[in-house]
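The block underneath contains the structure these notes are about, expressed in structure tokens.
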Protein chains: 2
Amino acid sequence: MLSNSGKYALKAVLYLADKTDSSNKLMVKDLYQPTQVPKAYLAKLLQNLSKHNIISSTKGPKGGYYLTKENKENSVYRVIEVIDGNQRMEACVLGIEECNAQHPCPLHEYVGPSRAVLLGTLKKMTIGELSLDLKKGASFISS
Amino acid sequence: MLSNSGKYALKAVLYLADKTDSSNKLMVKDLYQPTQVPKAYLAKLLQNLSKHNIISSTKGPKGGYYLTKENKENSVYRVIEVIDGNQRMEACVLGIEECNAQHPCPLHEYVGPSRAVLLGTLKKMTIGELSLDLKKGASFISS
DNA sequence: TCCGAAATATGATTTTTATCATATTATTTT
DNA sequence: AAAATAATATGATAAAAATCATATTTCGGA
């Protein structure tokens, strides 16, 4: 459903949402084990997320990655969008360019509604909201 | 959502469902244009689908690919499963192996329901049923 | 102001997916 | 039987995604 990069990015962002803020940062070396993402690959992903203002960072000693209050207001979907683009989840299931409600592919009307619900959920829910479950122990990322 | 192979396979199978039966076959050269799938790649996909009994084939002159009544009773999901495997659509959205209802990832309870509806639809609907819309002109594959 | 720590930039390598090409086998028609 | 046709098997190439490695920049502390 999501690319590996998308899964990795979401895990990292949610983990950061749970564990960090402007005064509590984490470095790549603190993140790659709990998120189970290859270290060097995670580093590259975080750089990309940072460039797109999904996460925040500061260089040098005492630096690291973290999420500001504003960062936590991004939707879950926004993270996916930045990493995987919007076509992966939103384009026609059969990849037909001209498919739309007036001129639908065979699957359009059948998968459309449930997919819209799924995407609606991802677009409404913020990273901060989701991370509350982590904080409560109602969900987990690291085993 | 689906791989290119998955999209291509579904388009080809649905097109065959609409146009063929035991006495009306189509060859690769008749299929690659309406389905917009690269010819040689389509050939390989059809071989694979044939091997998995998703479609039927006969060699030699007057041969080609076609769908029997039994073939048309396969679910849409079965085609996806054969080409993309079942992990792509069914595994944890974050790719966490140990994720389940008792030990859920942060997204589990939010995406689970709508995804279940989506997959349920794909699993219940048969290729034959879907192709009826094509026959009625209520949906399309070829432009 | 210099040293070390950390992100950033860049790019190389590997693996997977997608694509292309061709030789082989089976079947129908002549 | 031979010839032509169409799937089948196999493998080569190209493109994209994932992974790994390293040099550079920025910042804090001694």
Side-chain angles (χ1 to χ4, degrees), chain A residues 1-13 16 20 22-33 35-68 71 80 82-85 87-88 95, chain B residues 1-13 16 20 22-33 35-68 71 80 82-85 87-88 95:
Chain A
M1 209 147 197
L2 303 182
S3 68
N4 275 358
S5 294
K7 295 172 192 170
Y8 291 167
L10 266 182
K11 284 202 285 185
V13 170
L16 285 170
T20 70
S22 323
S23 48
N24 286 302
K25 298 160 192 170
L26 287 178
M27 297 174 296
V28 174
K29 67 161 177 257
D30 306 316
L31 279 169
Y32 79 97
Q33 279 153 342
T35 53
Q36 302 262 73
V37 179
K39 188 172 165 187
Y41 194 36
L42 176 61
K44 220 172 198 179
L45 269 176
L46 292 172
Q47 288 170 28
N48 194 13
L49 290 168
S50 176
K51 191 184 309 181
H52 286 88
N53 300 308
I54 303 295
I55 66 179
S56 302
S57 64
T58 57
K59 287 184 177 181
K62 291 285 164 184
Y65 291 104
Y66 61 100
L67 263 64
T68 62
N71 291 148
I80 296 171
V82 161
I83 301 297
D84 283 344
Q87 290 301 294
R88 185 171 186 122
Chain B
M1 210 148 195
L2 304 182
S3 69
N4 275 357
S5 294
K7 295 172 193 172
Y8 291 167
L10 266 182
K11 284 203 284 185
V13 170
L16 285 170
T20 71
S22 322
S23 48
N24 287 302
K25 297 161 193 168
L26 286 177
M27 297 174 297
V28 174
K29 66 161 178 257
D30 305 316
L31 279 168
Y32 78 96
Q33 279 154 341
T35 54
Q36 302 263 73
V37 179
K39 187 173 167 186
Y41 193 37
L42 176 61
K44 218 171 200 181
L45 269 176
L46 292 172
Q47 288 170 30
N48 194 13
L49 290 168
S50 175
K51 190 184 309 180
H52 285 88
N53 300 308
I54 304 295
I55 66 180
S56 302
S57 65
T58 57
K59 286 183 177 180
K62 292 284 165 186
Y65 290 104
Y66 61 100
L67 261 65
T68 63
N71 291 148
I80 296 171
V82 161
I83 301 297
D84 283 344
Q87 289 301 293
R88 185 173 186 121

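Each chain gets a letter, A, B and so on, in the order its sequence line appears, and its residues count up from 1.
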Check: For Tyr8(B) and dT19(C), is the shortest distance between a side-chain N/O and OP1 or OP2 below 4.0 Å?
Finding: yes
Next item on the list: Can you tell me the distance, in whole Å, between the NE2 atom of His52(B) and the P atom of dT8(D)?
Entry: 13 Å
Margin query: How many whole angstroms separate atom CG of Leu45(A) from atom P of dA17(D)?
Written below: 13 Å
Item checked: Any Ile54(B) side-chain heavy atom under 4.5 Å of Asn48(B) side chain -> no
Next item on the list: Would you indicate which nucleotide in dA18(D), dT19(C), dA7(D) comes nearest to any side-chain atom of Asn4(B)?
Entry: dT19(C)
Margin query: Rounded to whole Å, please give me the gap between CG in Asn53(A) and P in dT8(C).
Written below: 11 Å
Next item on the list: To the nearest 0.5 Å, tell me how far Leu31(A) CG sits from Leu45(A) CG.
Entry: 11.5 Å
Notebook entry, point to check: Which of the following nucleotides, dT19(C), dA9(D), dG28(D), is nearest to the side chain of Lys62(A)?
Noted result: dG28(D)
Next item on the list: Take the protein atom CD of Gln87(B) and the nucleotide atom P of dT16(C), then report the distance between them rounded to whole Å.
Entry: 16 Å
Item checked: Polar side-chain atom of Asn53(B) near backbone of Asn71(B) as donor-acceptor pair, under 3.5 Å -> no
Next item on the list: Between Met27(A) and Tyr41(B), just flag the one whose closest nucleotide in DNA chain C comes earlier from the 5' side.
Entry: Met27(A)
Next item on the list: Please tell me if the side chains of Asn4(A) and Val37(A) come closer than 4.5 Å, counting only heavy atoms from C-beta onward.
Entry: no
Notebook entry, point to check: Looking at dA9(D), dC20(D), dA18(C), which one has an atom nearest to any side-chain atom of Gln47(B)?
Noted result: dA9(D)
Checklist line | Nucleotide nearest Lys59(A) when distance is taken to its side chain, options dA18(D), dA18(C), dT26(D) | finding: dT26(D)
Margin query: Closest approach to the side chain of Pro38(A), judged atom by atom: which nucleotide of dA7(C), dT19(D), dA21(C) is it?
Written below: dT19(D)
Checklist line | Interatomic distance where CG belongs to Leu46(A) and C1' belongs to dA18(D) [whole Å] | finding: 15 Å
Item checked: Residue Ser3(A), side-chain atoms from C-beta onward, closest of dA18(D), dA9(C), dC20(D) -> dA18(D)
Note to self: So, taking the atom named OG in Ser23(B) and the one named OH in Tyr66(B), what distance separates them when rounded to the nearest 0.5 Å?
What the structure shows: 10.0 Å
Check: Are Tyr65(A) and Gln47(A) close enough, and set up right, to give a side-chain contact (heavy atoms from CB on, under 4.5 Å), and what steps lead you there?
Finding: CA-CA 9 Å; Tyr65(A) 291 104; Gln47(A) 288 170 28; 3.8 Å; yes
Margin query: Rounding to an integer number of Å, can you tell me how far Lys51(B) NZ sits from dA7(D) C1'?
Written below: 12 Å
Notebook entry, point to check: Atom CG of Asn48(B) to atom P of dA18(C): distance rounded to whole Å?
Noted result: 12 Å
Check: Between the side chain of Lys39(B) and the main-chain N/O of Tyr32(B), is any donor-acceptor distance below 3.5 Å?
Finding: no
Next item on the list: Considering just the side-chain nitrogens and oxygens of Ser50(A), establish if one lies under 4.0 Å of OP1 or OP2 belonging to dA7(C).
Entry: no
Margin query: What's Lys29(B) touching, base or sugar-phosphate or nothing? Going by heavy atoms closer than 4.0 Å.
Written below: sugar-phosphate
Note to self: With nearest nucleotide decided by heavy atoms, which residue, Gly6(A) or Pro61(B), maps closer to the 5′ end of DNA chain D?
What the structure shows: Pro61(B)
Check: Between dT17(C) and Ser5(B), is there an OP1 or OP2 to side-chain N/O distance shorter than 4.0 Å?
Finding: no
Check: Would you call Arg88(A) and Met1(B) a side-chain contact if the rule is heavy atoms closer than 4.5 Å?
Finding: no
Margin query: Strictly below 4.0 Å: does Tyr65(A) bring a side-chain N or O up to OP1 or OP2 of dT8(C)?
Written below: yes
Item checked: Degree of bending in the helix from dT1(C)-dA30(D) to dT30(C)-dA1(D) once both end axes are built from five pairs, to 10° -> 0°
Note to self: Please report the distance, rounded to the nearest Å, between NZ in Lys44(A) and C1' in dA21(D).
What the structure shows: 10 Å
